[in-house]
Amino acid sequence: MNINNIRSDFPILSRRVHGKPLVYLDNGATTQKPRCVVEKIQEMYYSVNANVHRGVHFLSQAATDEHEASRRTVQEFIGAASANEIVFTRGTTEAINLISSSFCREFCKPGDEVIISAMEHHSNIVPWQLQESILGIKLRVLPITDEGEIELEELERMLSSRTKLISITHISNVLGTINPLEEIIEIAHRHDIPVLIDAAQSVQHVPVNVQQLDCDFLVFSSHKIYGPTGMGVLYGKEKWLDKLPPYQGGGEMIASVSFEKTTFANLPFKFEAGTPDYVGSTALATALKYLSDIGLENIVRHEHEVLRYATEQLLAIDKLKIYGTAKNKSSVISFLVDGVHPYDMGVLLDTMGIAVRTGHHCAEPLMRRFGIEGTVRASFAMYNTKEEVDTLVAGIKRIAGMF
């Protein structure tokens with residue numbers, strides 16, 4: 001894995017911010033896009049643009065072929081059994097809303113329970129709270145340790161005949177914790193409970209195979225895995241997707257429509273109302289192929305080394321505390337420096353060309369768990385280097401000295 005070659009594929013990394021070389025460490029929010037992804041978007045609009053699945057003319061057929069080939073690329077990337085199990089959405093958030101709405105309508109009654117963890121993103125909290133108010137389900141929260149690890153022994157105690165689904169993040173967007181999915185899924189399936197995995201922070205960092213995991217649903221966003229915004233993926237086992245009612249109605253998701261009755265299309269189109277983002281799907285597929293060519297194993301190795309180095313260097317800074325010290329962790333470091341507000345740290349780092357995230361990171365309950373309002377978050381990607389870590393560390397030391 002040649003880091004210089006990879007960085008050259010991302011033109012934005014060579015720009016300057018406030019007169020300084022850009023150090024982009026906000027990859028947990030969104031990743032930058034390689035040249036091939038942007039070129040694919042241009043190619044689709046300039047060469048193949050037409051509505052898919054509806055036309056008999058050449059461009060429509062060509063666009064349809066590209067779109068459906070992209071579905072097969074996603075299927076192969078996550079190891080799904082069939083392309084019918086791949087539903088394109090607008091992102092992780094819409095995918096979780098789809099499952100929370102359709103699953104609860106079909107399988108839940110008042111008093112039934114859904115289990116999430118204390119480290120979830122708002123996108124895996126609020127949709128279930130909406131179902132609490134609509135259908136009267138109950139949301140239960142699996143606790144975590146001070147190190148940011150799931151208290152797995154609590155899961156068995158929380159399960160009951162009322163538990164209908166477990167929805168949990170693979171990797172925390174704040175703590176970087178890699179959750180023990182195999183154990184969680186094994187426990188859940190022993191009780192015939194399906195599991196939804198929020199993989200928004202994992203598919204770009206570690207290999208994910210849904211058949212090996214045996215998860216029932218898995219969701220992720222394109223823009224966090226080097227693809228375009230406004231595009232995402234819902235994987236669901238065919239046996240579950242067949243049972244779920246449609247989330248939205250309109251064109252594309254129907255078999256036939258009359259004023260008396262409508263019948264719905266087969267999978268996956270039952271869940272894809274309206275014109276799909278066929279440009280986004282092909283650009284996402286391009287990003288996945290780009291990652292596959294580099295090799296996720298190589299990416300894991302590089303990012304782990306950057307994380308190890310960054311952790312070591314940051315902990316050497318006086319009065320700096322890292323939140324999230326799990327043994328099994330991905331390339332995210334959230335921290336505070338005593339006496340420096342995270343917003344001040346973020347703004348001052350920005351003047352040095354360093355892009356980090358500050359605030360609650362769409363995880364307010366997690367912040368309350370640790371008794372803080374927010375953190376500074378540095379999240380690394382395959383194109384980040386130890387030299388950029390050195391720039392970050394020097395910036396933090398300089399700012400800490402101001403206070």
Side-chain angles (χ1 to χ4, degrees), residues 3-4 6-35 38 121-122 172-176 200-201 204-205 221 223-226 228-229 303 306-307 309-324 330-364 366-367 370 372-403:
I3 191 67
N4 291 325
I6 289 172
R7 287 181 65 86
S8 69
D9 289 334
F10 293 81
I12 198 170
L13 298 180
S14 63
R15 74 161 296 173
R16 298 179 76 84
V17 173
H18 303 304
K20 307 289 195 308
L22 171 65
V23 175
Y24 185 78
L25 301 176
D26 193 20
N27 296 286
T30 196
T31 52
Q32 298 303 333
K33 318 307 170 193
R35 197 183 307 272
V38 179
H121 188 282
H122 294 167
S172 167
N173 73 307
V174 177
L175 307 172
Q201 297 289 339
Q204 66 275 46
H205 295 299
S221 295
H223 73 97
K224 294 181 190 289
I225 190 167
Y226 308 100
T229 58
E303 291 182 345
V306 171
L307 174 66
Y309 182 73
T311 303
E312 178 184 276
Q313 297 301 310
L314 288 171
L315 286 176
I317 298 175
D318 188 36
K319 297 182 180 179
L320 185 145
K321 179 178 180 179
I322 291 177
Y323 291 85
S330 185
S331 53
V332 174
I333 300 178
S334 289
F335 66 90
L336 288 174
V337 176
D338 188 32
V340 186
H341 192 280
Y343 179 79
D344 293 332
M345 179 67 76
V347 168
L348 291 169
L349 285 173
D350 178 60
T351 65
M352 304 173 191
I354 305 166
V356 294
R357 202 71 162 184
T358 65
H360 54 63
H361 316 297
C362 295
E364 288 188 65
L366 180 60
M367 296 298 118
F370 287 102
I372 55 178
E373 293 182 1
T375 69
V376 182
R377 185 186 70 186
S379 48
F380 306 101
M382 63 179 172
Y383 43 61
N384 290 125
T385 65
K386 290 181 179 179
E387 290 75 19
E388 289 181 313
V389 171
D390 291 338
T391 303
L392 171 66
V393 169
I396 294 170
K397 288 179 177 177
R398 182 180 170 190
I399 293 163
M402 298 177 185
F403 289 83

List in chain and number order the residues that pass salt bridge (charged side-chain N to carboxylate O under 4.0 Å, His left out) with [X], two or more places apart in sequence or in another chain; answer none if no residue qualifies.
X      : answer
Lys386 : Glu305
Glu388 : Arg7
Glu364 : Arg368
Glu373 : none

Would you say that [X] contacts [Y] through its side chain, given a criterion of any heavy-atom pair below 4.5 Å between the two side chains?
X      : Y      : result
Val306 : Val389 : yes
Gln204 : Met382 : no
Phe370 : Val174 : no
Phe403 : Leu348 : yes
Ser379 : Arg357 : no

Counterpart residues, side chain to side chain donor-acceptor pair (under 3.5 Å), relative to Ser172 (two or more places apart): none

Just how far is it from atom [atom1] of [X] to atom [atom2] of [Y], taken to the nearest 0.5 Å?
X      : Y      : atom1 : atom2 : result
Leu349 : Ile399 : CG    : CD1   : 3.5 Å
Asn173 : Ser334 : CG    : OG    : 8.0 Å
Phe10  : Leu22  : CZ    : CG    : 13.0 Å
Arg398 : Met352 : CZ    : CE    : 4.5 Å

By ring-ring contact (aromatic ring centres under 6.0 Å, His included) - contacts of His360 (at least two apart): His122

Residue pairs fulfilling side chain to side chain donor-acceptor pair (under 3.5 Å) with at least one residue in residues 9-25, sequence neighbours excluded: Asp9-Tyr290, His18-Asp350

Could you tell me which residues satisfy side-chain contact (heavy atoms from CB on, under 4.5 Å) with [X], sequence neighbours excluded, listed by chain and number?
X      : result
Asp390 : Tyr309
Thr31  : Asn27, Lys33, Tyr226, Tyr383
Thr311 : Leu307, Leu315, Ile322, Ile333
Val337 : Leu320, Phe335, Val340, Met345, Ile396, Ala400

Looking only at heavy atoms, what is the nearest atom pair of [X] and [Y], with distance?
X      : Y      : result
Gln201 : Gly28  : NE2-O, 2.9 Å
Val356 : Gly346 : CG2-CA, 4.2 Å
Tyr323 : Ile372 : OH-CG2, 3.6 Å

Sidechain-backbone polar pair: Glu303 side chain, Ser330 backbone, donor-acceptor under 3.5 Å: no

Backbone N/O of Gly359 and side chain of His361: donor-acceptor pair under 3.5 Å: yes

Salt bridge (charged side-chain N to carboxylate O under 4.0 Å, His left out) contacts touching residues 374-383 (sequence neighbours left out): Asp26-Arg377

Residue pair Val393, Ile317: steps toward the side chain to side chain contact (heavy atoms under 4.5 Å, CB included) verdict: CA-CA 8 Å; Val393 169; Ile317 298 175; 4.0 Å; yes

